[in-house]
Protein chains: 2
Amino acid sequence: MTTRTEESRSTGTRSAATRERILATAEALILQRGFTATSIDDILEQAAITKGGFFYHFNGKKELARALVERYLEQDNRIFTALFQQADALSEDPLHQLLIFLKLFADMMADMAVTHPGCLVASFTYESQQLDDEVRALIRQGILVWRKLISLRLEKILVKYPPRQPADVPTLADMFTSTVEGGILLSRIYNSNQPLVNQILQYRMHLRLVFGDL
Amino acid sequence: MTTRTEESRSTGTRSAATRERILATAEALILQRGFTATSIDDILEQAAITKGGFFYHFNGKKELARALVERYLEQDNRIFTALFQQADALSEDPLHQLLIFLKLFADMMADMAVTHPGCLVASFTYESQQLDDEVRALIRQGILVWRKLISLRLEKILVKYPPRQPADVPTLADMFTSTVEGGILLSRIYNSNQPLVNQILQYRMHLRLVFGDL
DNA sequence: CTGATTACTGTACCGCTGGTACGGTTTGCC
DNA sequence: GGCAAACCGTACCAGCGGTACAGTAATCAG
């Protein structure tokens, strides 16, 4: 009955696979419905696991939330790192590297089959009261990582390209996060990835204008 | 016991006052905790009303949501209209009018005593599964109004100011919404209004750069 | 092959709360 | 003083998060 998808043969990875199945299912459901609106029973049903099994892996819903945020930030980090590596391989110039990264990112969003499911960080931020301080700290940490990622590149760019207007690096870096989160919201409302893609490209144009590349 | 705050004497405005009290309380709570996580009982307690009284005014939680969105969009509209009127009084030039509007808006956000409570539109978008199609339509409608408001002004600007780069009006208009929503999210996470203000001003700078005002 | 450990299943249960319903009571108004 | 509108009080129930635990299947060490 429990249609196991037969991943992870051999070693003791069975546990990890189940855990991952729970996390993936929970993330999808929470992005659709929100954290509070997603019951544990909902997750159990879709993940084809029993309550006992669930509580074997997680002590409760809050610990699930914690694990979800950690997983999400790690995933996100992997994606960004990969895209930056690609971009860095295509140019030596710090400005062009960042511009290429943004183009690659926009392309990736455009190529998504379905509408962007949303960002767990945003979803949790709007229900932060239901989560522990620890989870909130994790989220803030994640945002700061994104800020740092872009900031480092902006600093390098500043050295080479005098900005057309005085540029505040943290604000310009935060603008990336702001653009993505705002774009995702628009995409959810318009039910299409296009707005998200457009906003990312607009942010890209902003950087080009600020650093006199146009 | 029921500490009525003794507003609205005389005429049959008692009902409207109660209704408004419920709505205001509900909005504050929902922005803090999220829609699903806000129980009717929570609202009853803070609004000093009983369950019976509540259901006299609203058929249920979903209808409350509907009323909240309507109220929110109306409020929002009033604020934007007022700021635009102020801006239009200060300049004849379409570009400068929009720039002044953005400055006024940024100032308003900066002057808020507490951290921006969040946007109901965003909050509901992330829990849209719990709402009727009607509410979702309302939200989309609201977003489209904002787009239109800015688009009309951008069109006028385009006539006078040739853009430095080909400008897509809807995308540039959506960028306002995206900036505000993204900024609000940042402000919630950083627990300060500054990021929101900074993002609005950065959007303002983007427009200045695009339309060659710098 | 065996036995121990891990990784679950299945079931039964509990306290609590969110949402609904509705009969009764107060208040305002002609 | 009578009639609506506005509001109170209470009762009800499904469903939630969480617990407990006995039984069973998979995995691995020796």
Side-chain angles (χ1 to χ4, degrees), chain A residues 1-26 29-30 33-68 127 129-132 135, chain B residues 1-23 25-26 29-30 32-68 127 129-132 135:
Chain A
M1 175 173 286
T2 53
T3 51
R4 298 289 301 281
T5 38
E6 206 61 26
E7 62 233 343
S8 78
R9 56 175 73 254
S10 65
T11 56
T13 331
R14 185 167 76 115
S15 173
T18 304
R19 193 185 145 90
E20 169 59 24
R21 204 170 72 245
I22 294 172
L23 287 171
T25 307
L29 287 177
I30 287 172
R33 317 180 187 186
F35 179 69
T36 318
T38 303
S39 74
I40 296 185
D41 283 329
D42 289 340
I43 299 168
L44 301 184
E45 199 181 345
Q46 281 236 3
I49 199 174
T50 59
K51 222 165 198 178
F54 175 85
F55 276 91
Y56 175 79
H57 286 282
F58 303 98
N59 277 329
K61 214 185 176 188
K62 286 185 180 178
E63 200 191 294
L64 173 70
R66 193 182 169 287
L68 277 173
E127 291 188 86
Q129 297 270 335
Q130 270 61 50
L131 309 167
D132 313 19
V135 177
Chain B
M1 175 172 287
T2 53
T3 51
R4 297 288 301 279
T5 38
E6 206 59 24
E7 63 230 346
S8 78
R9 53 176 74 254
S10 68
T11 56
T13 330
R14 187 167 72 116
S15 173
T18 305
R19 193 185 145 91
E20 169 59 24
R21 207 170 70 247
I22 294 172
L23 287 172
T25 307
L29 288 177
I30 287 172
Q32 276 173 37
R33 317 180 186 187
F35 179 69
T36 317
T38 303
S39 76
I40 295 185
D41 281 331
D42 291 340
I43 299 168
L44 301 183
E45 199 181 347
Q46 282 236 2
I49 199 175
T50 59
K51 229 162 195 178
F54 175 86
F55 276 92
Y56 173 79
H57 287 282
F58 304 98
N59 278 329
K61 216 183 172 188
K62 285 185 182 180
E63 200 191 296
L64 173 70
R66 193 183 170 285
L68 277 174
E127 292 187 87
Q129 296 270 332
Q130 270 63 48
L131 309 167
D132 315 21
V135 178

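Values reported hereafter were calculated over all heavy atoms of this structure, with side chains retained and with hydrogens, waters and symmetry mates removed.
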Measuring from the side chain of Tyr56(B) (C-beta onward, heavy atoms only), which nucleotide among dC7(D), dA6(D), dT6(C) has the closest atom? dA6(D)
Quick one: side-chain hydrogen bond (donor to acceptor under 3.5 Å, both in side chains) partners of Thr36(B), sequence neighbours excluded? Glu127(B)
Rounded off to whole Å, could you give me the [atom1]-to-[atom2] distance for the [X] and [N] pair?
| X | N | atom1 | atom2 | result |
| --- | --- | --- | --- | --- |
| Glu20(A) | dA7(C) | CD | P | 16 Å |
| Leu64(A) | dG18(D) | CG | P | 10 Å |
| Phe58(B) | dC7(D) | CZ | P | 11 Å |
| Gln130(A) | dG17(D) | CD | P | 12 Å |
| Phe54(A) | dA20(D) | CZ | P | 16 Å |

Residue pairs passing the salt bridge (charged side-chain N to carboxylate O under 4.0 Å, His left out) test with at least one member in residues 33-43 of chain A, sequence neighbours excluded, are Arg33(A)-Asp42(A), Asp41(A)-Lys51(A)
Salt bridge (charged side-chain N to carboxylate O under 4.0 Å, His left out) contacts touching residues 53-62 of chain B (sequence neighbours left out): none
Ile22(A) and its side-chain contact (heavy atoms from CB on, under 4.5 Å) partner, picked from Leu68(A), Leu44(A), Ile49(A): Ile49(A)
Tightest non-hydrogen contact, residues Arg21(B) and Ala48(B), listed as NH2-O, 3.4 Å
Reading 5' to 3' through nucleotides 17-24 of chain C, protein heavy-atom contacts under 4.0 Å coded B for base, S for sugar-phosphate only, - for none: -SBB-B--
Sorted by chain and residue number, the side-chain contact (heavy atoms from CB on, under 4.5 Å) partners of Gln32(B) (sequence neighbours excluded) come out as Gln129(A)
Checking Glu45(A) now: which residues fulfil side-chain contact (heavy atoms from CB on, under 4.5 Å) with it, not counting sequence neighbours? none
In the structure I gave you, are the side-chain heavy atoms of Ile40(A) and Leu64(A) within less than 4.5 Å of one another anywhere? no
Would you tell me if any nitrogen or oxygen in the side chain of Thr18(A) comes within less than 4.0 Å of OP1 or OP2 on dA7(C)? no
Taking only N and O in the side chain of His57(A), is any of them less than 4.0 Å away from OP1 or OP2 of dA7(C)? no
Roughly what angle, to 10°, lies between the helix axis at the start of the helix from dC1(C)-dG30(D) to dC30(C)-dG1(D) and the one at its end, five pairs per end? 20°
